Amino acid sequence: MDLYQPEYVNINGEKFRVYLTHEEIQQRIRQLGDQLSHEFKDKKPIFIGVLNGAYIFLADLMRYVTIPCEVDFLKLSSYGDEKVSSGQVKQLKEIDANLKGRHVILVEDIVDTGLSMKYLVDKVGELKPASLSVITMLHKSDATKYNVQIDYVGFKIPDLFVLGYGLDYAQEGRNLAQIYILQEKEEN
Ligand code: 5GP
């Protein structure tokens with residue numbers, strides 16, 4: 001069986017083209033895993049994945065981390081079926097682990113306006129971790145309006161809607177092995 005990695009996909013009547021290949025993604029995540037393994041040596045970090053979008057990134061990232069570590073998840077409300085943020089954050093699942101005194105690494109799929117990350121950093125900060133770091137696979141730096149802490153970035157991307165590799169459009173496309181970007185109208 002091969003991975004699901006066409007060059008173009010049509011989802012909900014919109015056309016997307018591949019933007020980051022499977023190889024590019026894996027190579028970058030391997031580098032990030034190495035870096036985290038080095039910087040968190042002897043700290044037994046706990047990764048907190050933000051559901052749903054970050055689950056594939058987190059699963060791959062953790063397998064490139066070669067030091068003892070743990071994982072837990074929380075869930076935030078998504079864009080729903082839209083391609084733009086609602087401007088509101090709602091937490092749908094709490095973190096179960098006790099983060100007091102722990103080295104916490106928050107793992108996001110994408111930072112867009114920064115609203116979700118700001119909410120998370122403020123909220124997790126109240127749980128008194130020994131340290132709090134933030135890693136995101138993608139960062140739309142031109143779209144980021146909130147002053148947020150981001151310690152590790154996989155890829156900076158333009159302010160266009162993306163999907164694949166855990167990211168959805170109206171719940172579809174998460175199983176694509178690559179990251180796809182919305183085609184500009186004139187490209188159609
Ligand atoms: P922010 O709060 O930074 O504006 O948005 C963060 C969340 O919005 C992400 O965790 C993700 O769920 C969603 N999001 C932002 N941009 C995109 C995008 O281009 N594609 C998809 N599928 N989701 C996005």
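Below, all heavy atoms of this structure are taken into account, side chains as well, without hydrogens, waters or symmetry copies. A quick note: this is a predicted structure, and the numbers were derived from the prediction, not measured. We count ligands from 1, going down the list as the structure has it; atoms in each ligand are counted the same way. In this chain, residues are counted from 1 in sequence order.
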**Request:** Run the contact test for Lys140 against ligand 1 with a 4.0 Å cut-off on heavy atoms, strictly below, and give the result.
**Result:** yes
**Message:** Taking 4.0 Å as the limit for heavy-atom contacts, which would you say applies to Met117 with ligand 1: side chain only, backbone only, both, or neither?
**Reply:** neither
**Prompt:** What atoms in ligand 1 come closer than 4.0 Å to a heavy atom of Leu115?
**Reply:** 2 (O), 3 (O)
**Message:** Check whether Phe73 forms a cation-pi arrangement with Lys93 (NZ or CZ under 6.0 Å from the six-membered ring centre, at most 45° off the ring normal).
**Reply:** no
**Request:** Show the numbers, then the answer: is there a side chain to side chain contact (heavy atoms under 4.5 Å, CB included) between Val71 and Ile48?
**Result:** CA-CA 6 Å; Val71 68; Ile48 303 291; over 6 Å; no
**Asked** Out of curiosity, is Leu163 lining ligand 1, as in a heavy atom under 4.0 Å away?
**Response** no
**Request:** Could you pull out, from Ala54, Gly164, Ser116, the option with a heavy atom nearest to atom 7 (C) of ligand 1?
**Result:** Ser116
**Message:** On a heavy-atom basis, I'd like to know which of Thr113, Val148, Val50 is closest to atom 4 (O) of ligand 1.
**Reply:** Thr113
**Asked** Between Gly114, Ala143, Gly166, which one has a non-hydrogen atom sitting closest to atom 3 (O) of ligand 1?
**Response** Gly114
Please report, to 0.1 Å, the donor-acceptor pairs under 3.5 Å made by any side chain of residues 151-160, with sequence neighbours excluded.
residue	atom	partner	partner atom	Å
Asp151	OD2	Val134	N	2.7
Asp151	OD2	Gln149	NE2	2.9
Tyr152	OH	Glu39	OE1	2.5

**Complete:** Asp122 meets the side-chain hydrogen bond (donor to acceptor under 3.5 Å, both in side chains) criterion, sequence neighbours left out, with Lys118
**Request:** Find the distance between NE2 (His22) and CG (Asp2) and round it off to the nearest 0.5 Å.
**Result:** 9.0 Å
**Prompt:** ligand 1 and Val162, any nitrogen or oxygen pair closer than 3.5 angstrom?
**Reply:** yes
**Message:** Counting only nitrogen or oxygen atoms and a 3.5 angstrom limit, does Tyr169 reach ligand 1?
**Reply:** no
**Prompt:** What closest approach, in Å, do Ser37 and Tyr64 show between heavy atoms, and which atom pair accounts for it?
**Reply:** OG-O, 3.7 Å
